[in-house]
Number of protein chains: 2
Amino acid sequence: MEQKEISQAVISRLPRYFRYLGELKDEGIERISSQELSELMQVTASQIRQDFNNFGGFGQQGYGYNVEYLYDEISKILGLNKTHHLIIIGAGNLGQAIGNYMNFERRGFILKGLFDANPALTGKLVRGNAVQPMENIEAFVKENDIDIAVLTIPKTSAVSVAEQLVSYGIKAIWNFAHVDLKVPEGIQVENVHLSDSLMKLSYNINRYQLGCGSERRKMGCDNEEQGARGR
Amino acid sequence: MEQKEISQAVISRLPRYFRYLGELKDEGIERISSQELSELMQVTASQIRQDFNNFGGFGQQGYGYNVEYLYDEISKILGLNKTHHLIIIGAGNLGQAIGNYMNFERRGFILKGLFDANPALTGKLVRGNAVQPMENIEAFVKENDIDIAVLTIPKTSAVSVAEQLVSYGIKAIWNFAHVDLKVPEGIQVENVHLSDSLMKLSYNINRYQLGCGSERRKMGCDNEEQGARGR
DNA sequence: CATTATGTTAACATTAATATAAAATGAAAA
DNA sequence: TTTTCATTTTATATTAATGTTAACATAATG
């Protein structure tokens, strides 16, 4: 049957295709060619075709791609036709923000509960869910068929909490803690390291300001000063 | 001088190195070899050496890398020795969360102000900063030497607000709005598309559950049903 | 002087871009 | 109406570029 593993590079691009296709669909556009989509999204047409082809070719020669069909297929590939139940561990600012922001519901990600170690937060309502103490997690996960845990706690406790969650049967962790989690094979982790992202931005600002942006090399761009290295 | 462009793949790894080196430093570790770091970080030693070498070689043969020196160098490469002034546009849940979370201050990212179109939020204090109306942005940016704008507003207004920010002289945008911004050459944009990240997680859950995880192919893994394609 | 461990070159693997081939469309001609 | 045919546009194969890992030669250590 020869089904090859699809690279994460491709997967990472799917949500963006999905977003654009959703917009096209909303505009009532029925069909689109890789060429048109290419201009819209600023990626090469060939990459678009290659990406879609990984999953078996959704287009038709001479016609292009049917927007709605393609949208639905990508939706299935991403597993958005299934419902996921999630809980938020850490009901601080970020946890609450994510809880309240639950636009995700539309895509099948249903928030079922929030937990926090701080007793002051217990009972606080976030989008209709009362924050619970950490002790409740185990029973709650087992009783409510929870797939995904959102980790919005400080890094100091993140590793051990993640371990516990896994032992309770959680299948995936959306990790906002600034630490690398160690999980067994088969448990999915998606990291959102905000500070890493900000540092990358900082690098690019810095780099561009040194005149070494995307333009040709200029003299004096090399800002390495020769300092004592080694010890 | 032959300074080659460093790929974003490398840059993306720097913050993680930086994090590990910071931890080592805090533990009082003075030196480390690429081999040791490799085991700690679960990447190949050769990649570590290759990455560091992009910037001119921070180690010494027979010795390894001096933790503190390397930490400082990466810090400089990432531009963390410079101060950046930032403002948050959109003081909703997410904007407030980021504002409050300002651990970033330690790295030179100083929050100077928040802005929101909703008058109900005007005056609300977030980490000591009163939320201001959008009309104030222009003057504020010019008077306070603002580098970075954090965009935590709905996608409907994000594009036009980004354009305005650029016209006011902003150099970089940390974009949390779920839309692609169009900015002129030289303006840096770093996107944090949370829903994309969640969809990627969903894909991987789904994929693994079909038994097609990282293990060998199994029969019946192919869940493509042959539907009508084209129109 | 043997060992350690980097820097660097070379091999390999992956990803993206380009070129070619084939299928379907849609319009014009029979 | 049917058929032909040029055009559109995908799918596939090929080539090029990029990124990663391995190998090795060299320098410093102890």
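The analysis underlying the following values was restricted to heavy atoms, covering all of them including side chains, and did not include hydrogens, waters or symmetry mates. Proteins get letters first, then strands, A, B, ... in listed order; numbering begins at 1 in each.
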Looking at Thr44(A), does any N or O in its side chain come under 4.0 Å of the phosphate oxygens OP1/OP2 on dA17(C)?
yes

Shortest non-hydrogen contact between Asp196(B) and Arg16(A), atoms and distance
OD2-N, 4.3 Å

Could you state the CG-C1' distance from Leu37(B) to dT6(C), rounded to the nearest angstrom?
14 Å

Within the pair Gln47(A) and dA16(C), is there a side-chain N or O less than 4.0 Å away from OP1 or OP2?
yes

Rounded to whole Å, how long is the line connecting atom CZ of Arg31(A) with atom P of dT25(C)?
9 Å

In whole Å, I'd like the distance from the CD1 atom of Ile48(A) to the P atom of dA17(C).
11 Å

Parallel, tilted or perpendicular, judged at 30° and 60°: which one describes the rings of His84(A) and Phe109(A)?
parallel

Nearest-Å distance for atom pair CD/P, residues Gln8(A) and dA13(C):
20 Å

Are there more than 12 heavy atoms of other residues, nucleotides or ligands under 6.0 Å from atom CD of Glu30(B)?
no

Whether the side chain of Ser34(B) and the base of dA5(C) hold a donor-acceptor pair under 3.5 Å is what I'd like checked.
no

Return whichever of Gly62(B) or Ser7(A) has its heavy-atom-nearest nucleotide of DNA chain C closer to the 5' end.
Gly62(B)

Donor-acceptor pair (no angle test) under 3.5 Å: Gln61(A) side chain, dT9(D) base
no

Rounded to whole Å, please give me the gap between CG in Asn54(B) and P in dT18(D).
14 Å

Compute the centroid of each ring, for Trp174(A) and then for Phe104(A), and state whether the two points are separated by less than 6.0 Å.
yes

Between the base of dT9(D) and the side chain of Gln60(A), is there a donor-acceptor distance below 3.5 Å?
no

N/O (side chain, Tyr65(B)) to phosphate O (OP1/OP2, dG7(C)) under 4.0 Å:
yes

Tell me the interatomic distance from Gln50(A), atom CD, to dT14(D), atom P, rounded to whole angstroms.
13 Å

To the nearest Å, how far apart are Asp51(B) CG and dG7(C) P?
12 Å

How are the rings of Tyr17(A) and Phe52(A) set to each other: parallel, tilted or perpendicular (split at 30° and 60°)?
perpendicular

Heavy-atom nearest nucleotide on DNA chain C for Arg49(A) versus Ser33(B): which residue maps closer to 5'?
Ser33(B)

Distance in angstrom units between Asn53(A) CG and dT10(D) P, rounded:
10 Å

